[in-house]
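Take a look at the structure set out below.
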Amino acid sequence: MLDKTYQPAEIEPRMTEKWEAEGAFRCGRPDRRGAEPYTIVIPPPNVTGSLHMGHALNNTLQDALCRFERMRGRDVLWQPGTDHAGIATQMVVERQMAEHQEPDRRAIGRDKFLEKVWSWKEQSGGTIINQLKRLGASCDWSRERFTMDEGLSKAVVEVFVTLHEQGLIYKDKRLVNWDPKFQTAISDLEVVQVEATGSFKWDSSSGEDLDLAALNKLLDKNPSGHMYHFRYPLSGDPTRFIVVATTRPETMLGDTGVAVHPEDERYADLVGKTVRLPLVGREIPIVADEYSDPEKGTGAVKITPAHDFNDFEVGKRHGLERINILTAEAALNDEVPEAYRRLDRFRARKQIIGDLHALGLLAKIEPTTHTVPHGDRSNVVIEPWLTDQWYVNAAELAKDAIAAVENGRTRFVPENWSKTYFEWMRNIEPWCISRQLWWGHQIPAWYGPDGHIFVARSEAEAQAQARVHYGTSTAIARDPDVLDTWFSSALWPFSTLGWPDETPEVARYYPTSVLVTGFDIIFFWVARMMMMGLHFRQEVPFKDVYIHALVRDEKGQKMSKSKGNVMDPLVMIDEYGADALRFTLAAMAAQGRDIKLSKQRVEGYRNFATKLWNAARFAEMNECVRRRDFDPRSVEETLNRWIVGETEKAAKAVTAGLESYRFNEAAGAAYEFVWGVFCDWYVELSKPILMGDDEPSIAETRATTAWVLDQILKLLHPFMPFITEELWTHMVEHGEARQNLLALAQWPVLDGLHDQKAADEIGWVVDLVSEIRSVRSEMNIPAGAKVPLVIVGADKAIRARTGRHEETVQRLARLDDITFAKAAPKGAAVIVAGDTTAAIPLEGLIDMEAERKRLAKEIAGAEGDLSKMNAKLDNPAFVAKAKPEAVEETKERKAELEGIIKRLSAALKRIEQ
RNA sequence: GGGCGGUUAGCUCAGCGGUAGAGCACACGCUUCACACGCGUGGGGUCGCAGGUUCAAUCCCUGCACCGCCCACCA
């Protein structure tokens, strides 16, 4: 016997255990041996992570697909695992060490530090996996992988070495985005632009004093947001100046040139001359370069080739010196005059402004709005810094990856995301893959004493290479750097399957069926998997890429830990159950829009779960036991013929929704069927039969109810796995508890169950009952009062139909009697439902004035609609050009409205007489 | 500067060529034998603005306004 209420907290862990015990989610189960595989690789969450709403959405959708396909008989592999998340993890552990007042990583050394990270990973790395299980994720947990597993690390080395051999990975000295907090290079994608606006204004020509103290105070809060104009004196004529503008004063110490536009007449005579760089004393040339924009600033631009991406290029064109003036911590180094050495960049900024002002070389300060690059993890200002790093020739690898989407081998859903993908891929820059971190895959490169590089699959191999190269065995040292986390993530679709070994899993489950992810990692991850998958497997990593919305907070902001606006899915699960949360996310996952999640919505779907639970209780209480030989095609009761047809419709809608990644439509169709059709009507309409004495009808209705509930449980299972699995075991068959799992049951494939006659007849009952209820409510007939009903002017067919559903209509509309008459009695409320006119003759009980108004309003409404129909039909162009179905529909609607108006008008006339 | 998306009921959002929908909220009435996490009924929208295409436009096209996001640039 089912409990009175549904208790998710009690049921969920039991179901998880049950699935686990049965190995329900294992791929390659014996019963699926000949089946077509269906593969999804999970976007591996960071080991440091805990489940946030984005994960909840992402995994709910993947799980819905996996459960759906599993029930459709596919051999499903949902490959789980976690990502080592280089910077993020190293940051967490370092922060923890600091909190415990332990010595920092440099103090304890690389090996000790890595030991600590590993032990931290062992301890808390499983958190998110357990949270995914709580969500109900049907991953093949026996195959869990970690990006730094031995096997996956082997794949990383293999890919690195191969790409290096092919010339697609190389080492280069160029400007990189340098993160002074973590003291590592980062890729372009890890840089976020943050807008800065200043407020300080000063102009030397105004004659006012510069309030340096005020400026410095401002700069302490926000060092950016101002444009400074400096006077650089011309060599040989210190009374003449060229004025340059900059938002980063401290970089002037590294200036090695000034550029003006070749056609800028203001400066034409200065090109080829030099200026004496203030504070430094260096003679630097004035060059003509198109990069300089006469419209911007003063038209003359200072060139700092070692600290600005554009200046780097200008410098290259004119052979300007590159002077690196910064340390790894972004303090000034020994290349600058003594006074500035060791100063932090922002302190140096203030210092230089002051010093230039003292020399009378500061012309102007104006507030400006500009963007400043920040590290996405560190949140500190990024410095362009000249270093040696490893790069991937992404442009080369992108060729096949672009083609694969162009020719549809991989398809984005919704389709327009392919534009975003193309846009980035067609303008791709070399990918900087080395990181000056410790946690990650150490680069398999070794250096000889003269700096010669040996890239190899192992140290022994590198040594062998060195021996050949030097002719004698020579000491080599490994590159201390590790690879960008996304390098290993890029291999995830095949590295998790055992590659580089040619395992049976690679052969069977690659390429994967679909990748489900958010648009924020199209560049980071999707693009790179495409490149690597195609290069190493000559096959796309996934056929579809389903891009879902981002879950935002109620203000529409991206939820993030740093913003502190996260809504914890686990709290929601505790409060409302995993099924309710999942259903909410699926129901809101319409394509192409962000999801603003509200608690109320989750509560609403929790109520839905309860509704389902109680429908099952109803079935149980009425002994609705499924018959093994039950064939929905053979039911005879009109009501049952109707509901099996409706079930087919619902099954088709849910199936179509899931097949096309329209999760909201699938969930919505299931919801409407369960609540709006099955509970609201079928259950109510079945009560007279179940409580009657027609044994064959009772038996058929019980069996039908049980069958429909079975279909409902199946249709809802992808969204609400826990409650449906639990109820499934309660749906007995032949008095025996069910043995098989719903998770492995067969998805409903229904056809040929629609019966138009049954649909019309039940539709009539529903209309009639609804109309009576409406009139009762509007006429303020007490809800408890039973009233008689008179069917007016009924023909044979209506009489027969009424006879067949008399009891039902009486019960649902709270009637005590149904009779027939030629005309409506006096003082009655009149109802029109389809072709049927009925009256509630309660003279005295109802207010005839109110009834007159009600009828008048209904007539007016119908006449409004009718005139629209007439206008259409009177338009010759409509009749001539519109689709015949549209014309036909309009005519039918017109006739229907005319009938309603006629009968309502007759009723109104009687009152007015 | 380039690109993408949004503007529909009080709120959050579906719909996207032919009678405007849901959930929540609101109002009224209900111990109707599964369910008050419920049942019944109802109010509430000139579908951002202006043009155009079409027999017909919330839906397609163009322009505009505002909002959001992505990319690039920023002396």
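Order of the sequence lines sets the chain letters (A, B, ...), proteins ahead of strands, with each chain counted from 1.
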Minimum-distance nucleotide to Lys868(A) side chain [options: C35(B), A34(B), A20(B)]: A20(B)
Interatomic distance where CG belongs to Asn780(A) and P belongs to G42(B) [whole Å]: 13 Å
Of the listed nucleotides C55(B), U12(B), C24(B), the one nearest the side chain of Arg601(A): U12(B)
Side chain of Lys611(A) (C-beta onward), nearest among G38(B), A25(B), C30(B): G38(B)
Sugar-phosphate, base or nothing in reach of Tyr291(A), heavy atoms under 4.0 Å: base
Touch class at under 4.0 angstrom, heavy-atom based, for Glu672(A) against every strand present: nothing
Touch class at under 4.0 angstrom, heavy-atom based, for Glu684(A) against every strand present: base
Asp188(A), Ile428(A), Thr420(A) screened by side-chain contact (heavy atoms from CB on, under 4.5 Å) with Phe523(A), the one that passes: Thr420(A)
Closest nucleotide among G23(B), G40(B), C35(B) to the Asn614(A) side chain: C35(B)
Sugar-phosphate, base or nothing in reach of Thr890(A), heavy atoms under 4.0 Å: nothing
Touch class at under 4.0 angstrom, heavy-atom based, for Thr246(A) against every strand present: sugar-phosphate
Phosphate-side-chain proximity, Lys857(A) and G43(B), N/O vs OP1/OP2 below 4.0 Å: yes
Lys872(A), nearest nucleotide to its side chain (from C55(B), C35(B), G18(B)): G18(B)
Of the listed nucleotides C55(B), U41(B), G38(B), the one nearest the side chain of Arg773(A): U41(B)
Over 12 non-hydrogen atoms of neighbours within 6.0 angstrom of CG in Asp874(A): yes
Selected nucleotide, minimal atom distance to Glu665(A) side chain, candidates G42(B), G15(B), C69(B): G15(B)
Polar side-chain contact Arg606(A)-C37(B) base: donor and acceptor under 3.5 Å: yes
Any Lys419(A) side-chain N or O less than 4.0 Å from OP1/OP2 of G5(B): no
Distance, rounded to the nearest Å, where Asn664(A) contributes CG and C16(B) contributes P: 10 Å
Runs of at least three consecutive pairs that involve RNA chain B, where pairs are Watson-Crick or G-U with distances under 3.5 Å: B:1-7 with B:65-71, B:10-13 with B:21-24, B:26-30 with B:38-42, B:48-52 with B:60-64
Sugar-phosphate only, base, or nothing, as touched by Gln600(A) at under 4.0 Å among non-hydrogen atoms: sugar-phosphate
Closest to side chain of Lys881(A), choosing from C55(B), G38(B), U19(B): C55(B)
Sugar-phosphate, base or nothing in reach of Val683(A), heavy atoms under 4.0 Å: base
Ring centroid separation Tyr546(A) to Phe663(A) under 6.0 Å: yes
Presence of Lys687(A) side-chain N/O under 4.0 Å of A34(B) phosphate oxygens OP1/OP2: yes
Exam field: side chain Thr246(A) to backbone Arg248(A), donor-acceptor pair closer than 3.5 Å: yes
Listed nucleotide nearest any side-chain atom of Ser777(A), set C37(B), U41(B), C39(B): U41(B)
Any donor-acceptor N/O pair under 3.5 Å between U32(B) base and Arg814(A) side chain: no
Sugar-phosphate only, base, or nothing, as touched by Asp865(A) at under 4.0 Å among non-hydrogen atoms: nothing
Any Trp613(A) side-chain N or O less than 4.0 Å from OP1/OP2 of G38(B): no
Listed nucleotide nearest any side-chain atom of Tyr671(A), set G18(B), G23(B), C70(B): G23(B)
Protein-nucleotide distance (Asn416(A), atom CG; C70(B), atom C1'), rounded to Å: 12 Å
Sugar-phosphate only, base, or nothing, as touched by Arg248(A) at under 4.0 Å among non-hydrogen atoms: nothing
d(CG, Asp816(A); C1', U32(B)) in whole Å: 15 Å
Any Ser774(A) side-chain N or O less than 4.0 Å from OP1/OP2 of G42(B): yes
C1'-based separation of U58(B) from G15(B) [nearest Å]: 9 Å
